[in-house]
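Taking it in order: structure first as structure tokens, then the write-up.
Quick caveat: nothing in here was measured; it's all calculated off a predicted structure. Every chain is numbered from 1, with letters handed out A, B, ... down the list of sequences.
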There are 2 protein chains.
Amino acid sequence: MKMSEGVEWALHCCLSLSWVDAGEAVTATKLAAFYDLPAAYLNKQLQALVRAGIVSSAPGPRGGFQLARGLEEITLMDVVSAIEGPRSAFRCTDIRHRGPGGAFIAASETSAGGSRIPCAIAQAMRAAELGWRKHLAAQTIADIKTVIEDRSPNSGDDIRHWLTARSS
Amino acid sequence: MKMSEGVEWALHCCLSLSWVDAGEAVTATKLAAFYDLPAAYLNKQLQALVRAGIVSSAPGPRGGFQLARGLEEITLMDVVSAIEGPRSAFRCTDIRHRGPGGAFIAASETSAGGSRIPCAIAQAMRAAELGWRKHLAAQTIADIKTVIEDRSPNSGDDIRHWLTARSS
DNA sequence: GCAATAATACTCGGATAGAGTCTGTCCGAGTGTCTGGGG
DNA sequence: CCCCAGACACTCGGACAGACTCTATCCGAGTATTATTGC
């Protein structure tokens with residue numbers, strides 16, 4: 001169970017984009033060079049953020065990516081969901097209903113309407129994962145930005161200058 | 001990010017093993033037949049549980065697997081960790097230190113001793129994942145067994161009879 | 001000098017290969033059981 | 001009848017392929033810029 005590296009990339013990119021002036025777009029090539037990442041693949045991850053409505057994109061010269069909404073409106077959950085997809089990590093395949101074992105619970109645990117009572121194991125796993133998602137949804141990128149600006153107040157200016165410089 | 005199916009299998013197997021009498025071993029073949037799973041692959045997952053000390057194994061005739069400790073001592077976290085390994089889902093590759101961007105934070109965020117201050121993003125992700133792990137560690141398989149026995153009090157007997165029958 | 005136009009360079013976006021991990025399968029080492037023979 | 005030895009059948013355990021997802025790359029569609037040409 002490994003989370004895609006694209007999540008880390010996307011989070012850092014959102015953070016970096018927050019320092020450039022509104023209306024200014026940064027290209028995927030520039031962001032990739034800044035972090036020494038493969039440009040085309042980073043572009044792919046940024047596309048996922050576009051589809052999720054987190055950043056907006058513009059083609060052509062002077063084009064690129066910029067945040068589509070305020071940092072306070074972007075939670076870690078939003079970014080993770082955009083990159084990893086909406087499906088949960090634990091996926092119940094209902095093995096309790098397969099094979100001879102299924103016969104034992106079919107009578108006693110199947111509700112009247114025919115809809116099956118969810119597996120207790122799946123419920124427990126889902127509850128734990130929900131806790132994880134709640135933690136992610138409770139933190140916005142603005143919170144992280146605050147931490148970083150506390151640590152090094154001038155890094156934001158440096159990053160903005162580097163990303164908005166015309167010649168690389 | 002998809003969790004291995006082996007986790008679901010292992011959880012169900014632990015639950016099933018809890019109903020057979022102590023000292024009685026159940027073979028991987030039997031458990032696989034019960035849930036209609038590939039026997040050899042299920043055996044592989046059970047081996048992981050053995051390495052983690054959750055179940056014990058015995059070779060030869062009358063051999064098989066049985067729980068190595070009480071259900072109250074087996075948390076969901078134990079099983080997940082046994083199957084999935086100890087590594088966390090989110091893995092910080094420190095892209096903030098790679099490329100030109102690394103130069104900006106090297107001076108301001110590196111502590112005196114040379115040890116780097118952990119990335120704020122990695123910290124946030126790790127905190128969320130820790131919340132997930134805490135949820136998993138807080139629930140034991142005994143808890144799940146209680147839920148199931150509440151729903152269908154006689155299923156335990158059925159499962160024990162099926163698993164301990166000599167001829168399939 | 002100014003406006004319209006065509007060529008241009010640059011960007012994102014999706015379609016296309018390669019690597020790593022998860023899933024599934026096979027065979028060998030080891031152990032308890034059963035059968036046959038001897039005392 | 002009881003004990004012992006040998007063969008046997010059964011189990012786990014690790015080594016070996018196949019499938020799927022993640023990673024990485026390439027090329028085409030579209031757009032703002034820029035140079036050129038005519039007025």
In whole angstrom, give the distance that lies between atom [atom1] of [X] and atom [atom2] of [N].
{"X": "A:Glu8", "N": "D:dC22", "atom1": "CD", "atom2": "C1'", "answer": "15 Å"}
{"X": "A:Lys44", "N": "C:dC12", "atom1": "NZ", "atom2": "C1'", "answer": "12 Å"}
{"X": "B:Arg87", "N": "C:dT21", "atom1": "CZ", "atom2": "P", "answer": "8 Å"}
{"X": "B:Arg91", "N": "C:dG20", "atom1": "CZ", "atom2": "P", "answer": "14 Å"}
{"X": "A:Phe90", "N": "C:dC22", "atom1": "CZ", "atom2": "P", "answer": "16 Å"}
{"X": "A:Asn43", "N": "D:dG30", "atom1": "CG", "atom2": "C1'", "answer": "14 Å"}
{"X": "B:Gln45", "N": "C:dT25", "atom1": "CD", "atom2": "P", "answer": "13 Å"}
{"X": "A:Leu42", "N": "C:dT11", "atom1": "CG", "atom2": "P", "answer": "14 Å"}

Query raised in the report: Given that A:Arg62 and B:Met1 both sit by DNA chain D, which one's nearest nucleotide is further toward the 5' end?
Result: B:Met1
Query - 5′-ward residue of the pair B:Val50/A:Glu5 relative to DNA chain D - result: B:Val50
Requested in this report: Output yes when A:Asp150 and A:Lys145 qualify as a salt bridge under the 4.0 Å nitrogen-oxygen rule, no when they do not.
Outcome: no
Return the nearest nucleotide to the side chain of [X]; candidates are [options].
{"X": "A:Thr27", "options": "C:dT25, D:dA24, C:dT11", "answer": "C:dT11"}
{"X": "B:Phe65", "options": "D:dC12, D:dA24, C:dG13", "answer": "D:dC12"}
{"X": "B:Pro59", "options": "C:dT25, C:dG24, D:dC12", "answer": "D:dC12"}
{"X": "B:Pro61", "options": "D:dC10, C:dG24, C:dC12", "answer": "D:dC10"}
{"X": "A:Tyr41", "options": "D:dT11, D:dA24, C:dT25", "answer": "D:dA24"}

Report task. Using the side-chain contact (heavy atoms from CB on, under 4.5 Å) rule, take B:Phe65 and B:Thr27 through it: C-alpha gap first, then chi angles, then the decisive distance, then the call. Result -> CA-CA 6 Å; B:Phe65 298 91; B:Thr27 68; over 6 Å; no
Within the structure shown, what part of the strands sits under 4.0 Å from [X] by heavy-atom distance: base, sugar-phosphate, or nothing?
{"X": "B:Met3", "result": "nothing"}
{"X": "A:Gly6", "result": "nothing"}
{"X": "A:Ala25", "result": "nothing"}

Any side-chain N or O of [X] below 4.0 angstrom from OP1/OP2 of [N]?
{"X": "A:Ser57", "N": "C:dG13", "answer": "yes"}
{"X": "B:Arg51", "N": "D:dG14", "answer": "yes"}
{"X": "B:Gln47", "N": "D:dG14", "answer": "yes"}
{"X": "A:Ser4", "N": "D:dT23", "answer": "yes"}
{"X": "B:Lys2", "N": "C:dT23", "answer": "yes"}

Report task. Decide ring-ring contact (aromatic ring centres under 6.0 Å, His included) for B:Trp162 and B:Phe34; before the verdict, give the C-alpha distance in whole Å, the side-chain angles of both, and the deciding distance to 0.1 Å. Result -> CA-CA 8 Å; B:Trp162 199 98; B:Phe34 189 69; 5.1 Å; yes
Query raised in the report: Do the side chains of B:Leu31 and B:Leu163 get nearer than 4.5 Å, heavy atoms only?
Result: yes
Query - Heavy-atom check, side chain of A:Thr75 versus side chain of A:Leu136, under 4.5 Å - result: no
**Report entry** Exam field: side chain B:Thr164 to backbone B:Arg160, donor-acceptor pair closer than 3.5 Å
**Finding:** yes
